[in-house]
Structures are given as C-alpha cells and as structure tokens.
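In what follows, a structure is listed as structure tokens, so that the remarks can point back to it.
Remember, it's 1-based here, ligands and their atoms both numbered in the order they're listed. Just so it is clear, the structure is predicted and the values come from calculations on it, not from any experiment. Atom set for the values below is all heavy atoms of this structure, side chains included, hydrogens, waters and symmetry mates excluded.
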Amino acid sequence: RLASLSGLQAGLLKLSVVTTSKYFFPHLLGPFCETYPNIEVSFNIGNRNSMIGRLRENKDDFYVFSHPPEDMDLETFEFVKNPLVVVAPAGHRLAGKKDISFAELKDDPFIMREPGSGTRFALERYLMETGHTINEKMTIESNEAIKHSVMSNLGIAVLSVHTLSLTTSDDFIILDVQDFPLQHQWYLVYLKSKQLSDVASTFIQFLQAEGGELVADLLSSSIAKGYLDK
Ligand code: PGA
C-alpha cells in the first residue's frame, strides 16, 4: 500500500469532475479515503464548460476532464481511457452486425448531450472531421436520461463506456460501428501556476498507482467489459 504513515495525512481535497466521470470517480475516492482516513473530500460535478469556469478561477485542487481546455497553461495527468461508443435499443435493426458504417446511422433519431458537454464536443469534432451527419432529435442534459431514452426506443446515442458500468445487455446494446469506440482519455488537471498541497500530491500518487485497475474492475461485469483494452 502507498504510505505506512497514511493515518497522519490530514486536510481537505477539493475536486471538480465532469458529469461523465461521476460514474467511476466515487469508486476511486472510496479506497483513497480508506487508506487516508483523515483526508476529507469535497466533490463538485458539472458539464465540461462549467468545470472550465471553475478551473479558470482556480477554485479546486484538481479537475477531471477528458477534453481539457486547450487555451490554458495546465498540468495534466492521464489516468484511464474514456472510449465513446454508439448505444442502441436491444432490438435495433443493426444489432449483431459487424463493422457498421457510421453513414448507415444517418437517419436514426440521435439523442445528444447538451452544448457545453465534453461528450457532445467529442462527437461534434468527429462529425466535423469525417463529414458524417446525424439526425439530431433530442438534446438531454443527463447521461442517465439518455440511457433511459435509448432503452425506450427514442433513438441512439454516443456515450462514454463509463456511463454503462452497471448496465447489462438486457437494457440496450453497443453497436459495432467503424471508427468506434472514439478513443479519449481521462485527465486529472490543474493550473501550472498552482502550488499543490501535500494532500493533493498524495492523491495524484494514489491515482497513478491504483486508478486504472479500480476503474477496469468497475466495468468488468457490464456490457462495456473489455472496452478499456480496445
Ligand atoms: P461531459 O464531459 O460529462 O460534460 O460530457 C465528459 C468529457 O469531458 O468527455
């Protein structure tokens, strides 16, 4: 384990994470707080744009993004993959088909995250780079509500595999679409000018040592099993 003197480390760790990382981040904090029982954690959640606002004002020790802003002087630590996949209702006409071209999905009603979301940012960049188009039908500000909408046949969506950690194939499926999963990473981020506290440095060490494995365990019994290795 990390430090034999872990009981002596005390203080507050202030974190802000984008909505999509709320599926795994608490599962990292559990073991961390068990190892360092005197460290307290405060934990904010919002979409990518609102987290960029907090980062600009240097409000927290760390931020978690998969698309950190490119116009700021940042320190970034990569700690786990963030693959984005196409999810569809279980009875979708292309269920079971291999190597689907994205163009085959152009008429399917698409459910999108809201402007300001990192997931939406990644999909829009993919569409811009490839020239593909989608039939955007709904915008929903919540990964959970998007999952339920896909389950009830309202359409298909692109989501991070981390949103699927407690999801089985009874609910919906991941389509085997060319170019997917879109490969992104989760980063722990802070301003380069920031002086890290001892507690914050301890958290980075913990994340680098144990983060990847803890997150992979979480996906191991879901439909997203194996996607971190693709
Ligand atoms: P989101 O961010 O929850 O705002 O979509 C996820 C990300 O940064 O990829």
Please classify the Arg113 to ligand 1 contact at 4.0 Å (heavy-atom distances, strictly less than): side chain, backbone, both or neither.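 For Arg113, the contact with ligand 1 is made by the side chain alone.
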Are Leu55 and Phe65 packed together at the side-chain level, in the sense that at least one heavy-atom pair is separated by less than 4.5 angstrom?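 When only atoms from C-beta onward are counted, Phe65 and Leu55 do touch, with a gap below 4.5 Å.
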So, do Thr139 and Arg120 sit near enough that their side-chain heavy atoms are less than 4.5 Å apart?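 Thr139 reaches Arg120 side chain to side chain.
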For the CG atom on Leu166, are there more than 12 heavy atoms of other groups (residues, nucleotides or ligands in this structure) within a distance under 6.0 Å?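 Not more than 12 within 6.0 Å, no.
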Would Phe77 and Phe62 count as a close aromatic pair, with their ring centres under 6.0 Å?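 No.
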Give the ring-plane orientation class for Phe32 versus Tyr36, where under 30° counts as parallel, over 60° as perpendicular and anything between as tilted.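 Tilted: the ring planes of Phe32 and Tyr36 meet at 30° to 60°.
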Closest protein heavy atom (residue, atom, distance) for atom 3 (O) of ligand 1: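 Heavy-atom neighbour on the protein nearest atom 3 (O) of ligand 1: Thr19 OG1, 2.5 Å.
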Give the residue and atom name of whichever protein heavy atom lies nearest to atom 7 (C) of ligand 1, and the separation in Å to one decimal.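 Protein heavy atom at minimum distance: Ser66 OG, 3.1 Å.
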Would you say Thr119 has any N or O atom under 3.5 Å from an N or O of ligand 1, going by distance alone?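 Yes, since at least one N or O of Thr119 sits under 3.5 Å from an N or O of ligand 1.
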Would you check whether Ser117 has a nitrogen or oxygen atom less than 3.5 angstrom from a nitrogen or oxygen atom of ligand 1?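 Among all N and O atoms of Ser117, at least one is under 3.5 Å from an N or O of ligand 1.
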Against heavy atoms of [X], which atoms of ligand 1 measure under 4.0 Å?
X: Asn47; value: 4 (O)
X: His67; value: 7 (C), 8 (O), 9 (O)
X: Thr20; value: 1 (P), 3 (O), 5 (O), 6 (C)

OG1 of Thr119 to CZ of Arg113: how many Å apart, nearest 0.5 Å?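 Reported value, rounded in 0.5 Å steps: 5.0 Å.
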Atom NE2 in His162, atom NE2 in His27: separation rounded to 0.5 Å?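 With rounding to 0.5 Å, NE2 (His162) is 12.0 Å from NE2 (His27).
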Tell me the nearest of Gly46, Ser21, Gly118 to atom 4 (O) of ligand 1, using heavy-atom distances.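 It is Gly118 that holds the nearest heavy atom.
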